[in-house]
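One structure is given here, and the rest of the page talks about it.
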Amino acid sequence: MPAISFSGIASGIDADAIIKATQDARRSAYIPLENQVSFNEEESTSLQEFNSKLLSLSDSLKDFMTLTGGAVERKASSSNPDAVAVTASSAAIASTHSFTVEQVAKSAFMSFAGRFSTPDALVDSTGAGGTVSFTFGQGDEQKAFSVEVGSGTTLADLALALNDQGAGVFNAAVINVGTAVAPSYALTVSGVQMGSGKGEMAVALSGGLAAASSLGAINLEQASDAVLNVTGLGQITRSSNTISDVIPGVTLSLKGPTGLVTTSVTSDTDATTTKVEEFVTKLNELIAFAAEKNVVERVETERGVTNKYSSLAKTNVDNQALSAIREAISSVKSSSGGSAQILADLGITIQRDGSYKFDKATFKESLASDEAGVQSLLQSFADKVSGSQGIIADYTKYQGQIERAVKSNETENQSASD
């Protein structure tokens with residue numbers, strides 16, 4: 001028979017109760033470690049969210065930096081936007097320019113005069129054969145292509161072979177220039193590049209195709225450069241209709257030849273105000289997040305009083321980052337010598353709860369009276385806070401302070417698990 005045991009009856013000792021008590025005692029020793037692991041994980045999650053908000057704040061300052069042209073947005077206008085569209089970056093200088101567009105840039109286009117009843121018609125019904133050759137561009141930019149035409153080559157075959165060779169340089173197509181009832185197909189080739197430097201086209205037929213070909217004569221409309229005549233500068237040629245290197249910070253989009261056109265660049269007060277407001281909003285979101293995660297709650301129980309810490313209440317990383325940003329806000333000064341000397345002069349002021357207020361009216365007045373001062377202040381602040389070696393980068397970069405804090409938590413949790 002199997003052995004039968006009765007807990008605690010023979011000896012008077014409750015062995016199961018002793019084992020459970022021992023297990024509970026051991027378990028209670030692990031609880032502080034488990035709590036610490038859980039808290040570290042919450043802290044790391046909050047630090048990573050804080051990191052994301054720092055990066056978002058940094059992005060809102062990128063357009064203010066010296067490298068991107070400064071904080072004051074510009075707007076541009078054209079006296080004839082149907083002929084010349086114009087845009088301006090923050091690097092543009094308030095100015096007016098006049099010019100005429102004598103010629104717009106275009107790519108080359110050609111077609112053969114021969115017509116075919118179907119795309120499957122033979123290119124050369126005589127069977128003489130030969131080569132169709134194209135060159136695009138001039139000098140070092142020139143590229144050459146050629147396709148052999150045999151007795152069985154159809155119009156569709158020739159177009160396909162040309163496209164296989166000329167991808168990115170030209171496009172060949174078989175087009176019905178007739179009607180659905182009476183089709184008449186032609187072979188066309190259009191260049192991709194504008195301007196004479198890369199876009200100029202030359203076409204040649206050799207062998208039997210040159211002597212007798214159904215392709216017929218070559219109709220060629222050559223590529224050309226854009227030609228501007230700028231008042232005070234003279235004639236300027238470019239290979240594109242999008243021109244951004246004539247007027248600093250201004251991009252011209254040419255749509256057609258025109259008479260005298262005047263472009264103007266001025267400050268865009270509303271756009272600049274909106275960008276500053278976005279920065280202040282991002283800053284306040286960061287401050288509110290840190291405040292929410294830094295709460296220490298007093299908890300009273302029968303066993304006594306304990307403190308309950310929110311996820312960032314035991315680390316100084318977030319406090320140090322915010323302190324550095326606040327110091328930059330209070331210390332940055334303009335170098336222009338005008339009325340706008342500190343950020344408070346732009347309507348950016350701290351409130352009792354630690355957040356910042358942005359007074360749009362004050363900012364617009366400062367921008368109108370001392371644009372150079374506003375530019376200097378915002379550039380200096382953005383360079384100091386958002387630059388590659390700036391305050392935010394010190395926390396968010398690879399092996400920056402936030403990453404080091406997160407890795408420290410991971411190491412501590414591993415030790416607790418072990």
Side-chain angles (χ1 to χ4, degrees), residues 53-97 242-255 261-286 325 328-329 332-336 338-349 355-387 390 392:
K53 291 185 179 297
L54 276 175
L55 290 173
S56 180
L57 175 64
S58 180
D59 287 342
S60 73
L61 291 170
K62 294 295 186 186
D63 288 343
F64 297 168
M65 295 176 64
T66 303
L67 284 174
T68 55
V72 179
E73 291 292 306
R74 303 293 186 186
K75 58 183 177 181
S77 61
S78 167
S79 62
N80 188 354
D82 292 333
V84 180
V86 57
T87 57
S89 71
S90 57
I93 300 170
S95 59
T96 301
H97 294 273
T242 302
I243 302 172
S244 57
D245 61 350
V246 172
I247 304 172
V250 174
T251 298
L252 305 173
S253 298
L254 310 184
K255 302 178 181 180
V261 174
T262 300
T263 60
S264 298
V265 178
T266 57
S267 298
D268 192 335
T269 301
D270 289 338
T272 306
T273 303
T274 297
K275 288 203 168 187
V276 175
E277 183 179 29
E278 179 186 354
F279 146 66
V280 176
T281 298
K282 296 289 185 183
L283 176 60
N284 284 335
E285 288 175 355
L286 183 72
I325 294 171
I329 291 174
V332 69
K333 289 183 170 52
S334 169
S335 59
S336 70
S339 57
Q341 287 297 304
I342 59 176
L343 287 177
D345 295 331
L346 309 188
I348 302 173
T349 54
S355 64
Y356 286 84
K357 178 183 177 182
F358 177 53
D359 189 317
K360 294 182 184 180
T362 300
F363 179 79
K364 290 180 178 181
E365 289 174 7
S366 294
L367 188 58
S369 62
D370 185 12
E371 181 180 303
V374 173
Q375 184 85 282
S376 175
L377 276 169
L378 292 176
Q379 274 185 340
S380 298
F381 176 74
D383 289 347
K384 185 173 184 179
V385 173
S386 189
I392 291 177

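Side chains are part of it too, since the values below use all heavy atoms of this structure and drop only hydrogens, waters and symmetry mates.
Looking only at distances, no side-chain donor or acceptor of Ser334 sits under 3.5 Å from a matching main-chain atom of Gln341. Proximity of a side-chain donor or acceptor of Ser376 to a complementary backbone N or O of Ala372 within less than 3.5 Å is not detected. For the pair Thr68 (side chain) and Lys62 (backbone), a donor-acceptor distance under 3.5 Å is present. Side chain of Asp383 to main chain of Met65: no donor-acceptor pair is present (N/O by atom type, distance under 3.5 Å, no hydrogens or angles). Under the 3.5 Å distance criterion, the side-chain polar atoms of Thr362 are left unmatched by any main-chain donor or acceptor of Gly347.
Summarising the geometry of Phe279 relative to Ser60, their closest heavy-atom pair is CA-OG, 3.6 Å, with the distance given to 0.1 Å. Ile348 and Tyr356 get closest at one heavy-atom pair: CG2-CD2, 4.3 Å. For Ile325 against Phe381, the heavy-atom pair with the smallest separation is O-CE1, 4.2 Å. Here the closest non-hydrogen pair linking Ser78 and Pro81 is O-CD, 3.4 Å. Lys333 and Leu377 make their closest contact through C-CD2, 3.6 Å (heavy atoms, listed as atom of the first residue, atom of the second, distance). Scanning both residues, Ala76 and Thr87, for their nearest heavy atoms gives CB-C, 4.1 Å.
Note that OG of Ser58 is 15.0 Å distant from NZ of Lys53, once rounded to the nearest 0.5 Å. From Thr273, atom OG1 reaches atom CD of Glu278 across 13.0 Å, with rounding to the nearest 0.5 Å. Put simply, CD on Gln379 and OG1 on Thr66 are 4.0 Å apart, with the number rounded to the nearest 0.5 Å. The CG atom of Leu61 sits 11.0 Å away from the NZ atom of Lys275 when rounded to the nearest 0.5 Å. Distance check, rounded to the nearest 0.5 Å: OG of Ser386 to CG of Leu54 gives 10.5 Å. Taken to the nearest 0.5 Å, the CG atom of Asp59 stands 8.5 Å off from the NZ atom of Lys282.
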Go through the steps for Val385 and Val332 under the test side-chain contact (heavy atoms from CB on, under 4.5 Å), then give the verdict. CA-CA 11 Å; Val385 173; Val332 69; over 6 Å; no
Just do the side-chain contact (heavy atoms from CB on, under 4.5 Å) check on Phe363 and Val374 with the steps written out, would you? CA-CA 9 Å; Phe363 179 79; Val374 173; 3.9 Å; yes
Any chance you could lay out the side-chain contact (heavy atoms from CB on, under 4.5 Å) test for Val265 and Ile93, step after step, and finish with the verdict? CA-CA 7 Å; Val265 178; Ile93 300 170; over 6 Å; no
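Inter-residue side-chain proximity for Phe64 and Val276 is flagged as met; some heavy-atom pair is nearer than 4.5 Å. For the pair Leu283 and Ile329, the minimum side-chain heavy-atom distance is below 4.5 Å. In this structure the side chain of Asp359 never reaches within 4.5 angstrom of the side chain of Thr349, judged on heavy atoms. Counting heavy atoms from C-beta on, the side chains of Thr281 and Phe358 never come closer than 4.5 Å.
Residues Ser366 and Asp345 bring no donor and acceptor atom of their side chains to less than 3.5 Å of each other.
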Return a table of donor-acceptor pairs under 3.5 angstrom between the side chains of residues 243-254 and protein atoms on other chains or two or more places apart.
{"unit_1": "Asp245", "atom_1": "OD1", "unit_2": "Arg238", "atom_2": "NE", "d": "3.1"}
{"unit_1": "Asp245", "atom_1": "OD2", "unit_2": "Arg238", "atom_2": "NE", "d": "3.2"}

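For Ser339, the side-chain contact (heavy atoms from CB on, under 4.5 Å) criterion is met by Ser369, Asp370, not counting sequence neighbours. Not counting sequence neighbours, the partners of Glu371 by the side-chain contact (heavy atoms from CB on, under 4.5 Å) test are Val72, Arg74, Ser267, Leu367.
Partner of Asp270 under the salt bridge (charged side-chain N to carboxylate O under 4.0 Å, His left out) criterion, chosen from Lys360, Lys75, Lys364: Lys364.
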